[in-house]
Amino acid sequence: ERGRQRFDAVQARGAESVALAASAYGARLVHVSAIGADENATSAYARAKGIGEKLVRAAVPSATVLRPYFIVASP
């Protein structure tokens with residue numbers, strides 16, 4: 001975490017913003033979360049991911065939530 005790039009700002013509120021926009025347009029939503037996401041976790045990252053899932057589901061109940069173990073980005 002640095003500056004404004006806080007777990008809660010990105011993983012929770014950022015996810016909520018995307019979900020609210022999807023809801024406003026009636027779009028389907030796939031939310032990429034993480035293994036261990038839990039709003040009661042001791043890890044700030046896992047807690048933010050869990051809160052993000054909750055906020056996404058509140059905005060778009062039909063959202064698909066993925067909890068991948070590992071993601072690799074191609075160069």
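Along the sequence shown, residues carry numbers from 1. Given the structure is predicted, the values throughout are model-derived calculations rather than measurements.
With sequence neighbours left out, the side-chain contact (heavy atoms from CB on, under 4.5 Å) criterion links S17 to no other residue. Contacts of P61 classified as side-chain contact (heavy atoms from CB on, under 4.5 Å), with partners at least two apart in sequence or in another chain: none.
Within the structure, salt bridge (Lys or Arg N to Asp or Glu O under 4.0 Å) contacts touching residues 55-72 (residues at least two apart or in different chains) are E53-R57, E53-R67. Applying the salt bridge (Lys or Arg N to Asp or Glu O under 4.0 Å) test to pairs two or more places apart or on separate chains, none has a residue in residues 17-33. Listed by first then second residue, pairs satisfying side-chain hydrogen bond (donor to acceptor under 3.5 Å, both in side chains) with a partner in residues 40-49 read Q11-K49, not counting sequence neighbours. Counting only residues at least two apart or in different chains, salt bridge (Lys or Arg N to Asp or Glu O under 4.0 Å) contacts with residues 10-25 comprise R13-E16. Listed by first and then second residue, the salt bridge (Lys or Arg N to Asp or Glu O under 4.0 Å) pairs that reach into residues 34-46 are E39-K54, sequence neighbours excluded.
In plain terms, the two heavy atoms of P68 and S33 that are nearest each other are CD-O, 3.8 Å. The two residues A48 and A12 come nearest to each other via the heavy atoms O-CB, 3.7 Å. Listed here is the closest heavy atom pair of H31 and A15: CE1-CB, 3.5 Å. Contact between A37 and G50 at its shortest, heavy atoms only, is CB-N, 3.8 Å.
Clustering of Ile, Leu, Val, Met, Phe, Trp and Tyr side chains at separations under 4.5 Å places V60 together with V18, L29, V56. In this structure, I51 belongs to a hydrophobic cluster whose other members, linked by side-chain heavy atoms under 4.5 Å apart, are L55. Using a 4.5 Å cut-off between side-chain heavy atoms of Ile, Leu, Val, Met, Phe, Trp and Tyr, Y25 forms no hydrophobic cluster with any other residue.
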